[in-house]
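All residue numbers refer to positions in the sequence shown, counting from 1. Quick caveat: nothing in here was measured; it's all calculated off a predicted structure.
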Amino acid sequence: MYIYTVNFGNYDRISNEHFYSKKVRYICFYNQEIEKKGEWEYVKINSSKDNRYLSRNFKINFSKYFPKESNVIYVDCNRVITEKLINFSFDFFEKNSFGVLKHSARKSLLDELIDWYLISVADEKDLINLFKYLKRIKYMYDQHYCPHCCLILRKNNIQNIRFSKVWWYYYKKFNIRDQLPFSICSLKLNAKPKLFINKNLIYTKRHLYSYKKKRRNIKALSNLIKQYNHITNHDINLTPETLLWRNYKLAKEI
């Protein structure tokens, strides 16, 4: 079994708190000099591509970098691996070949897209264009689920390679975040992974570098929600946990 992470652009520090198993190979892909710790195998990637492209490419197109039929776990670099994850993973792969962490706060497509707005990776125009695109492709809104792609378990088989190719296609189409393209791909292929919750499989350390963009004005959310419901013919509201998760206070008008 392989566990891998990526640290392109020296975005995070490797934690001192990882649990290491002799039954697992730990691999970290990187492109700039980083502080090497623990029992990881460090693989330097020389590429002219930007850091975000490299991070998403190695995350999504995992099959290129690991043996066929091997069991592979992707973990974000700012997550700490526990012994519980190792034990869970060995048990998981006995019966399953594809699994992803379920997001603890987001419950709907609207939650997903509003979160893009809250962390300033998409503005109002971007979101409205996305609403229209999803309507045009007749997206199955009611079947949408919200993965948390900081932890993905995959066997390197034909089905998961196909999933990666379609996921990569939708990621490049939007070129913003990878969770929504994951869900779109899943519904298009009718290939839903096993969803599981964290239960201390991993825990989070702060990013060395975090989002340094303008904090959004929560008052704008009312209009975005109305636009979403109008364009998609839905009548849903934002899940409060999405705001709390991003440390926003709830507003009465939302």
Side-chain angles (χ1 to χ4, degrees), residues 5-12 49-61 74-79 100-137 139 141 144-152 166-186 204-228 231-232 236-249 251 254:
T5 193
V6 300
N7 192 358
F8 294 113
N10 195 17
Y11 188 76
D12 281 306
K49 299 289 187 180
D50 65 50
N51 296 324
R52 186 172 70 170
Y53 177 96
L54 289 172
S55 295
R56 296 296 190 273
N57 177 46
F58 276 76
K59 179 177 184 177
I60 295 172
N61 298 310
Y74 168 83
V75 182
D76 272 4
C77 196
N78 73 321
R79 315 289 165 157
V100 66
L101 197 65
K102 184 178 180 181
H103 204 284
S104 61
R106 303 178 194 138
K107 309 298 181 186
S108 69
L109 173 62
L110 179 60
D111 290 349
E112 188 85 55
L113 295 175
I114 291 299
D115 195 48
W116 286 15
Y117 177 79
L118 292 176
I119 61 175
S120 298
V121 299
D123 59 21
E124 293 182 47
K125 183 179 179 181
D126 294 328
L127 291 182
I128 290 171
N129 286 336
L130 270 168
F131 301 161
K132 292 177 179 177
Y133 172 78
L134 293 169
K135 180 180 181 180
R136 190 163 65 249
I137 66 170
Y139 186 64
Y141 306 98
H144 181 85
Y145 63 95
C146 299
H148 200 173
C149 297
C150 61
L151 176 60
I152 314 171
V166 179
W167 183 14
W168 183 240
Y169 167 81
Y170 281 111
Y171 170 73
K172 289 194 297 181
K173 185 174 186 64
F174 301 129
N175 197 30
I176 302 177
R177 302 277 282 173
D178 56 48
Q179 293 94 337
L180 176 58
F182 183 104
S183 300
I184 293 174
C185 168
S186 177
T204 306
K205 305 288 282 188
R206 288 195 175 189
H207 284 298
L208 178 60
Y209 300 109
S210 191
Y211 296 102
K212 296 181 179 178
K213 298 182 180 180
K214 184 179 179 181
R215 186 173 173 84
R216 297 295 194 184
N217 186 345
I218 197 171
K219 292 181 180 179
L221 297 188
S222 292
N223 179 56
L224 285 172
I225 293 168
K226 288 178 183 177
Q227 291 273 22
Y228 172 86
I231 292 170
T232 65
I236 61 174
N237 212 327
L238 184 67
T239 304
E241 287 87 346
T242 297
L243 297 177
L244 296 173
W245 188 63
R246 289 296 181 186
N247 297 318
Y248 278 80
K249 293 182 179 180
I254 296 175

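Within the structure, salt bridge (Lys or Arg N to Asp or Glu O under 4.0 Å) pairs that include any residue of residues 102-123 comprise R106-E112, R106-D115, D115-R246 (at least two apart or interchain).
The two atoms that bring C77 and V6 nearest to each other are CB-O, 3.4 Å, heavy atoms only. The minimum heavy-atom distance linking I231 with K135 is given by the pair O-CD, 2.9 Å. Residues F131 and L224 share a closest heavy-atom pair of CE1-O, 3.7 Å. Of all heavy-atom pairs spanning T5 and D76, the tightest one is OG1-C, 3.5 Å. Here the closest heavy-atom approach between residue H144 and residue S108 is recorded as CD2-C, 3.7 Å. Summarising the geometry of A122 relative to L127, their closest heavy-atom pair is CB-CD2, 4.1 Å, with the distance given to 0.1 Å.
Taking 4.5 Å as the limit, some side-chain heavy atom of C149 sits within range of a side-chain heavy atom of W167. Inter-residue side-chain proximity for I119 and R177 is flagged as met; some heavy-atom pair is nearer than 4.5 Å. Contact annotation: the side chain of K59 approaches that of I152 to within less than 4.5 Å [non-hydrogen atoms, C-beta and beyond]. Looking only at side-chain heavy atoms (C-beta outward), T232 and L134 stay at 4.5 Å or farther from each other. At least one side-chain heavy atom of P147 sits under 4.5 Å from a side-chain heavy atom of S183. Contact check for I236 versus Y228: side-chain heavy atoms found under the 4.5 Å cut-off. Residues L221 and L243 meet the side-chain proximity criterion, which asks for heavy atoms closer than 4.5 Å. The shortest side-chain heavy-atom distance between K49 and F8 does not fall under the 4.5 Å cut-off.
For Y141, the ring-ring contact (aromatic ring centres under 6.0 Å, His included) partners at least two apart in sequence or on another chain are Y139, H234. Under the ring-ring contact (aromatic ring centres under 6.0 Å, His included) criterion, Y133 pairs with F174, sequence neighbours left out. Taking Y171 as the reference, W168 meet the ring-ring contact (aromatic ring centres under 6.0 Å, His included) condition, with sequence neighbours excluded. Partners of Y74 under the ring-ring contact (aromatic ring centres under 6.0 Å, His included) rule, at least two apart in sequence or in another chain, are Y4. The side chain to side chain donor-acceptor pair (under 3.5 Å) search around T204 returns R79, not counting sequence neighbours.
Once rounded to the nearest 0.5 Å, the distance linking CG of D126 with CD of E124 reads 10.0 Å. The structure places CD1 of I114 at 11.0 Å from OG1 of T239, a figure rounded to the nearest 0.5 Å. Here the CD1-CG distance, from I176 to D178, works out to 11.5 Å after rounding to the nearest 0.5 Å. If you take CG on N7 and CG on N51, they are separated by 9.0 Å, rounding to the nearest 0.5 Å.
Under the 30°/60° scheme for interplanar angles, the aromatic rings of Y145 and F182 are found to stand perpendicular.
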If you apply the rule side chain to side chain contact (heavy atoms under 4.5 Å, CB included), what do you find for R56 with N175, and how did you get there?
CA-CA 10 Å; R56 296 296 190 273; N175 197 30; over 6 Å; no
